4 protein chains.
Amino acid sequence: MTGIRRAAVIGAGFMGSMHAAILGRAPGCELAAIVDPNLDLARTVAARTSAAKTYASHEELLANEKLDLVSICTPDNLHLAPALAVAKQGVNLFIEKPIASTVEDARAIIAATEAAGVKLGVGYLLRFDPRYGRAKELIDEGKLGRPIHVYARRNSARTEGPKRYGGKLPLALHVTVHDVDLALWLLEGQEPVSVYAQQTDILLGKSGTQDSIAAIVRFSGGTVVNFESAWSLPSGTRHMIDARMEIIGEDGFVEVQCGDSGLHFADATRSQEIDTQHWPERGGAIGGDLREQLHAVLEWLDGADRPIASGRDALRSLELTLAMIRSAETGDVVRLG
Amino acid sequence: MTGIRRAAVIGAGFMGSMHAAILGRAPGCELAAIVDPNLDLARTVAARTSAAKTYASHEELLANEKLDLVSICTPDNLHLAPALAVAKQGVNLFIEKPIASTVEDARAIIAATEAAGVKLGVGYLLRFDPRYGRAKELIDEGKLGRPIHVYARRNSARTEGPKRYGGKLPLALHVTVHDVDLALWLLEGQEPVSVYAQQTDILLGKSGTQDSIAAIVRFSGGTVVNFESAWSLPSGTRHMIDARMEIIGEDGFVEVQCGDSGLHFADATRSQEIDTQHWPERGGAIGGDLREQLHAVLEWLDGADRPIASGRDALRSLELTLAMIRSAETGDVVRLG
Amino acid sequence: MTGIRRAAVIGAGFMGSMHAAILGRAPGCELAAIVDPNLDLARTVAARTSAAKTYASHEELLANEKLDLVSICTPDNLHLAPALAVAKQGVNLFIEKPIASTVEDARAIIAATEAAGVKLGVGYLLRFDPRYGRAKELIDEGKLGRPIHVYARRNSARTEGPKRYGGKLPLALHVTVHDVDLALWLLEGQEPVSVYAQQTDILLGKSGTQDSIAAIVRFSGGTVVNFESAWSLPSGTRHMIDARMEIIGEDGFVEVQCGDSGLHFADATRSQEIDTQHWPERGGAIGGDLREQLHAVLEWLDGADRPIASGRDALRSLELTLAMIRSAETGDVVRLG
Amino acid sequence: MTGIRRAAVIGAGFMGSMHAAILGRAPGCELAAIVDPNLDLARTVAARTSAAKTYASHEELLANEKLDLVSICTPDNLHLAPALAVAKQGVNLFIEKPIASTVEDARAIIAATEAAGVKLGVGYLLRFDPRYGRAKELIDEGKLGRPIHVYARRNSARTEGPKRYGGKLPLALHVTVHDVDLALWLLEGQEPVSVYAQQTDILLGKSGTQDSIAAIVRFSGGTVVNFESAWSLPSGTRHMIDARMEIIGEDGFVEVQCGDSGLHFADATRSQEIDTQHWPERGGAIGGDLREQLHAVLEWLDGADRPIASGRDALRSLELTLAMIRSAETGDVVRLG
């Protein structure tokens, strides 16, 4: 370890508060500050972590703190301004997924970090899930041979989207983009050549999002990937997130199954799986994939090779996901590349 | 029961031998004869059942036997001739799925049975599976409300297709067509409006079939169905058939899961699920969905209301499946209706 | 088939009404009458089946009907009187499990049927479940080699026992006895040599039954069987019956899993498995294991070899189960044989 | 963090090499040395970690290094001597489970650490598994109410025991003891009052261990726990470790399921679950429960409250496990306390 890293988190919402909780306890890291225009919220989060200070804007943060890392957890469409400012200051950046809500913003962020010579990572935490991570290794070790067909699911209750993002985002950009990043990562060396999608919005259309999206992407090496995201399971569903990925290769097959989590609870009225994967809290500390990822970010700042999604990776998954949405909206196949 | 029904089976292959085994033991049924151009095969099957006679052709059969029911289990593209002859003779018909390999054949068969005033049923046995069957009832009872999103899988080992049909059929017509029939049945009242599909043939293309097909169908009522058939799992897979169907409705959700069958066997070299659903053999008798279906056929001949796929049902699933194949071959969306 | 069999059902409760529904539709069977001291109940059941007549007592039944089979579905402790009368009349008997609630009653019933030269079968329907049935065959075929260790579970919600039998029976005699019969059947040729059990009654003790029982039985061939029955899962549990059996043999392993049934339903408040095994109803007809068993009884009357539990089989499972209860009550090991 | 902790590992076998790999990368820890009488083995392990030095004995280690922590990973029956020496030197101790193979050794180790005023932790890593850990929290939060019935399984292939410990240990002391520790931890405040067990040794008896053990323990508060450990699954089994724990309480139910790990692999010959829980290796680093535990040990040295099994906890689980073995050997109930 090369000394203590000073970090700040911009955005004190759902993800930002977890970033702060993890960075505030991470070895080799000092959580310098939390930033949110809602200063009360920033203070609440700071009080639960070791963060000494709070600021209402990234300008104030950058004017007052010398930092090694800034984690940006603002709403997707508000990543650009803080990212450009942080990069300009010569500070490394970690941005929650997707990198931005438009390709233009994503490109500007990448350009700014390249110009400034700072690192840029994007929060595709599932690369740090032991199941997806080991699946990637099995592919890289040649255990599957050439991938042929992939199925990637990410379903959840109809109450989760509205709760997490007010139901105001395209489902694909919030949810499917995780599997898009994983597919691009797992199928390293292949480019998407076409995408077709259909979505439904019977339940959640009125709140500005979709019930489900199904998409089929063909890749340059002949692999076909079938994506399914349906955040419209009834509220009594046993699953928090029913995520699966199955990869059929020429020589082998691997199945990641995250829906049945290994921990089930029932009482007089409910029967449900309890998440032990993404960001389980135990004894006040956040664990799971999110912690793995943020610890890996700190090691990567120190030069370690870690599978953190780069800005260019995130641009690719954003482009493919936006094409998927375009197909769903028009009903036509979108040809890529 | 209105007396003993005399039945014959044409085609003494994989399915025909099971039809014979079941009809030969069915209460209220006398299995009169087995027909196959390969008379040795016909005799082998007859010897294992109560069938007294064997014939080399349907002409001989019809010239010699007075029948109430003929079950046609010849290869898909050889259904037409025996079906027309049987109908002309005024005998009821049961034909293995799909009804035929072309729309023209299917229409001709339907026309012949309608002209002759005989019954025509088609072998979509999964309607008689207790899981799919109860799912249909839950929808009909209104427990799910309006269906929104459906996922239908039917995966198997890469060795099953070549073993069952010599790998000489389009995968969709042999396999996906089961789920197409189920979807049309479950979504009664809706028409498919568009279909898009992608398939792969890296492993099995050389033997005239596909490794996998993924398809998305949009229906007139707004429901989207995502079909997946991948008969390319490695030969060591634990599943004989990994079939699932999940239906998200406005009010409820139902999941059919047939992959993990409830009976698992392992020894020094294998670990696999044993089928207890489709046509389990026990004590020499065939049980499961196939038996349920053929017993239901006998009751339906007697006037009972049973959910046997009609000729028109089978025509609809054939048309949609052929459109799916056309989309997969051209890469374009196929608009229907 | 050797003509139509005339059958009657004594006891019009939960099981009796299902026996009637099945026998009333069974090919080769005429359901002659339903008997219950509660004549209204008998009439309700008769109205839902093809039964023409109802009687308030077995004496009336036997005085008025010529029968081939009587199925006794009265409470366990009221099997004796009708069984003796039926046997004396020279009519074949099928009795719901357990054969009786005491060894004395069981012995008297067996003696009466042997004296009268009539058949006696007992309703251990799980022998007709395709999963347990195939497991038995795998053992008989030598696929497992010598059995070493067996685990047998049968858990359910705390509401099921009170609902089904008023909570007035020892849990082991109502529930565990199923697995005891299966174990004795699967381990054919071995005798139990000792049994130890512990039970709990924190929730259901006040209503005269137990929450759970765990038992360990050692057999003469060295096999150890671990039984677990806990009908005390919370009412929100996803399982109707979480039944499993796992058999480790010298050469192979087989696992029967009935808890996750392959059909799952969720809505705004619930998430639960739907039974498709024991006695699923569809379109007004009862299917599943119970129907398989009763159809097999009719074939067995005609001379077919079917794995119906005999009176002596049922005596063995009763004796072992009563020893299990004795151990649970005393806290001591009970040595057998 | 209160400065860098200097640690050493004694025993360079299966567990020792993993302890070294984890401690060698742990933040705030310097892995000073590896000790093994087989110096070549010690050097191999040291070469894969950051350990600078190797010693052939704990005497040499203690004569040459100033340490904060020694982890003892020698065979169970060789824990005593190094533990006493380390404690005498005033160095904190972490000992792999079980603390020792006899109660006398365990008591001597505890006494030595208490006399020396050093910390003593024992390696019951499953307390750090997110599933068992969250189950404990659910109980402590009152979500289950009073525990009534517990089932605890830990099954594995017949090849695992011989591979891991040469088949030379009682199965219960190597395997079941994990669940015994968990049960005592989860049922905090209750004492075991009786234990009964039966074991089999048909396959592995000749190599000095057992195929399976089943045990029933009654606790002072009325809870009954059913333990099952069968390390005799065939070598083709899909499970590395099929571990489960189910706890039925007055108000709720929790199920931990570790057998189906969420990562499944199949190829032409195999179909198996891949462990992602205990000590998954990824990119050369060991993760999972073992890493969680050893990181927690370092925090606990710094004063943090972590659920590390204490010496007294380990003595309790050892005593109960030895009583279980005694019961299995004699066939009698063993009364405790």
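Here the structure is a predicted model, which is why all the values come from computation and not from measurement. Lettering follows sequence order; numbering is per chain, from 1.
Contact annotation for C/Gln199: only backbone heavy atoms (N, CA, C, O) come within less than 4.5 Å of a heavy atom of chain D. Interface remark: C/Ile248 contributes side-chain atoms only to the contact with chain D (heavy atom separation under 4.5 Å). Contacts of D/Glu255 with chain C are made by side-chain atoms alone, with heavy-atom separations under 4.5 Å and no backbone atom involved. Only the side chain of C/Ile202 comes within less than 4.5 Å of a heavy atom in chain D; its backbone stays farther off.
With 3.5 Å as the limit, one finds no donor-acceptor pair spanning the side chains of D/Glu228 and D/Ser212. Side-chain contact, D/Gln272 with D/Arg238: no donor N or O sits under 3.5 Å from an acceptor N or O. No hydrogens or angles considered: nothing links the side chains of D/His239 and D/Glu273 as a donor-acceptor pair under 3.5 Å.
With D/Ser232 contributing its side chain and D/Asp211 its backbone, the two residues share a donor-acceptor pair below 3.5 Å.
Taking the centre of each ring, D/Tyr151 and C/Tyr151 come in below the 6.0 Å mark.
Ranked by heavy-atom pairs under 4.5 Å with chain C, the list D/Gly222, D/Ser235, D/Gly331, D/Ala197 is led by D/Gly331. Contact count against chain C (heavy-atom pairs under 4.5 Å) is highest for D/Ile216 among D/Thr237, D/Thr200, D/Ile216, D/Asp251.
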